[in-house]
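Hydrogens, waters and symmetry mates are skipped; everything else that's a heavy atom, side chains included, is used. Here the structure is a predicted model, which means the values were calculated and not measured.
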Protein chains: 2
Amino acid sequence: MSSSGNKKPVFNEAALADQLRSVGLRPTQQRMALADLLFGRGNRHITAEALYSDALATGVNVSLATVYNALHTFTAKGLLREITIDSTRSYFDTNIDEHHHFYFEKSGRLEDIDRAHVKLTRLPEAPDGLSVSRIDVVIRVDG
Amino acid sequence: MSSSGNKKPVFNEAALADQLRSVGLRPTQQRMALADLLFGRGNRHITAEALYSDALATGVNVSLATVYNALHTFTAKGLLREITIDSTRSYFDTNIDEHHHFYFEKSGRLEDIDRAHVKLTRLPEAPDGLSVSRIDVVIRVDG
DNA sequence: AAGCAGATTAGAATTATTCTAATGTTATTG
DNA sequence: CAATAACATTAGAATAATTCTAATCTGCTT
């Protein structure tokens, strides 16, 4: 499957494998295939189900449970960022730089907004000496 | 149940009923009781399950389905605002003024941030002449 | 008071996700 | 380069949150 599959990886295999190893993950067949789908074709905002469909469509042999495992593991290792829009829509964003989002309510699509375009001022202190782990800004538009 | 129940409403019944009627909703027993729990004791960030427990605890006879119905109806009528933090945590906020939130990751609690404390500048245009229906800012703190 | 639209209900159904425990794969070690 | 241990994958069951269904009930209008 790896060298003669019907969809060759967009990224160099060795580089992908190294990226996984560098965060302490074994470059298994499934992770390699999913990582290629995720990172090999520009930034994506993708749901678990959609990635699973993508994988099946490209002939990758993987179970839905593994897709969830991989997405959560990648997120925990900082390779992805999870964006929850509502209780039935959770996206994994391959752009891990600090940035924000437009959310198109009709299509359910997300679009990145560069951090330079949103400035937060007079931000209150995190109470009690706690530290801020993340700031999410979602701009919902009605289209 | 309404006038001699073991928990009297904090709000004046007639005023609550008028509030419901003014948005086109019948002031039924269940809605009145839920509205009182929601609006009769200061701003709240509450989940459907928690409101259901509250209702049972105060002797209100209501089903979980009705709690969901009421929360969604109230939200659609603009009496509540729904805040989704992650796929398993959806809160209904009785504060419908424009404002933002701290989210305490350990406790799962939300806390309001007044709009005056967050300033968004250089906000990009909504694409295509679409209009912005809402902006959510969530600041996650690790405590 | 009657009738109807709207509301409520219990329980089944659905959806997204996680768990379980058996099997398979990768990396290491000698 | 075989044995092994640790990690990963899998199918299917289980769970959790929410929604649906269809029967019953209640508030409002006449």
Side-chain angles (χ1 to χ4, degrees), chain A residues 1-3 13-14 16-35 37 45-53 55-56 59-77 79-80 82-92 108, chain B residues 1-3 13-14 16-35 37 45-53 55-56 59-77 79-80 82-92 108:
Chain A
M1 163 94 12
S2 64
S3 63
E13 279 196 33
L16 249 197
D18 284 348
Q19 193 190 0
L20 293 179
R21 278 200 205 86
S22 74
V23 296
L25 297 176
R26 286 186 186 170
T28 64
Q29 287 190 0
Q30 288 81 352
R31 282 177 185 162
M32 290 286 284
L34 295 174
L37 287 172
H45 301 103
I46 193 169
T47 64
E49 275 292 345
L51 180 59
Y52 180 54
S53 300
L56 297 185
V60 173
N61 203 281
V62 74
S63 72
L64 182 56
T66 296
V67 171
Y68 276 103
N69 286 342
L71 287 171
H72 289 146
T73 308
F74 290 178
T75 301
K77 296 298 186 178
L79 303 178
L80 290 175
E82 188 171 0
I83 313 286
T84 301
I85 289 297
D86 63 43
S87 36
T88 58
R89 275 182 208 277
S90 184
Y91 295 89
F92 293 85
Chain B
M1 162 95 9
S2 63
S3 63
E13 279 196 33
L16 248 197
D18 284 348
Q19 192 188 2
L20 293 179
R21 278 200 206 85
S22 73
V23 296
L25 297 176
R26 286 188 188 167
T28 64
Q29 286 190 2
Q30 288 81 352
R31 283 177 183 161
M32 290 286 283
L34 294 174
L37 287 171
H45 300 104
I46 194 168
T47 64
E49 275 291 346
L51 180 59
Y52 180 54
S53 299
L56 297 186
V60 173
N61 204 281
V62 74
S63 73
L64 182 56
T66 296
V67 171
Y68 276 103
N69 287 343
L71 287 172
H72 290 146
T73 308
F74 290 178
T75 301
K77 297 297 186 178
L79 303 177
L80 290 175
E82 188 173 0
I83 312 286
T84 301
I85 289 298
D86 64 43
S87 36
T88 59
R89 274 181 208 278
S90 185
Y91 294 89
F92 292 86

>> I'd like to know whether B:H72 forms a side chain to side chain contact (heavy atoms under 4.5 Å, CB included) with B:L80, so could you lay out the CA-CA distance, the side-chain angles of the two residues, the decisive distance to 0.1 Å, and finally the verdict.
In response: CA-CA 8 Å; B:H72 290 146; B:L80 290 175; over 6 Å; no

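Each of D:dT9, C:dT26, C:dA7 was ranked by its minimum atom distance to the side chain of A:Q30; first place goes to D:dT9. Of the candidate nucleotides D:dG12, C:dT17, D:dT18, D:dG12 has the atom lying nearest to any side-chain atom of A:A65. Distances were taken from every side-chain heavy atom of A:S63 (C-beta onward) to each of D:dA11, D:dA8, D:dC28; the shortest belongs to D:dA11.
Distances shorter than 4.0 Å separate some side-chain N or O of A:R31 from OP1 or OP2 on D:dT9. Proximity of A:T28 to the phosphate of D:dT9: a side-chain N or O atom is located under 4.0 Å from OP1 or OP2. OP1 or OP2 of C:dT18 sits under 4.0 Å from a side-chain N or O of A:H72.
If you find the closest nucleotide of DNA chain C to B:L25 and to B:Y52, the one lying nearer the 5' end belongs to B:L25. Map B:R26 and B:V62 each onto its nearest nucleotide of DNA chain C; the residue landing nearer the 5' end is B:R26.
For the pair A:Q19 and A:L25, the minimum side-chain heavy-atom distance is 4.5 Å or more. In this structure, the side chains of B:L71 and B:L34 stay at 4.5 Å or more apart for every pair of heavy atoms.
Rounded to whole Å, the distance from CG on A:L64 to P on D:dT10 is 10 Å. Atom CZ of B:F92 is separated from atom P of D:dT18 by 7 Å (rounded to the nearest Å). Atom CD of B:E49 is separated from atom P of D:dT18 by 8 Å (rounded to the nearest Å). Atom P of nucleotide C:dT17 and atom OH of A:Y68 are separated by 3 Å, given to the nearest angstrom. One atom, CG of A:L20, and another, P of C:dT26, lie 13 Å apart when rounded to the nearest Å. The CZ-C1' distance, from A:F74 to D:dT9, rounds to 13 Å in whole Å. Per the geometry, CE belonging to B:M32 stands 16 Å off C1' belonging to C:dT8, to the nearest Å. Distance A:N61 CG to D:dT10 C1': 10 Å, rounded to the nearest Å.
Across all strands shown, A:R21 has heavy atoms under 4.0 Å from sugar-phosphate atoms exclusively, and none from any base. Looking at heavy-atom distances under 4.0 Å, A:T66 makes contact with a base.
Of all heavy-atom pairs between A:R31 and A:F74, the closest is O-CZ, 4.0 Å.
In this structure A:R26 satisfies the salt bridge (charged side-chain N to carboxylate O under 4.0 Å, His left out) test with no other residue, sequence neighbours excluded.
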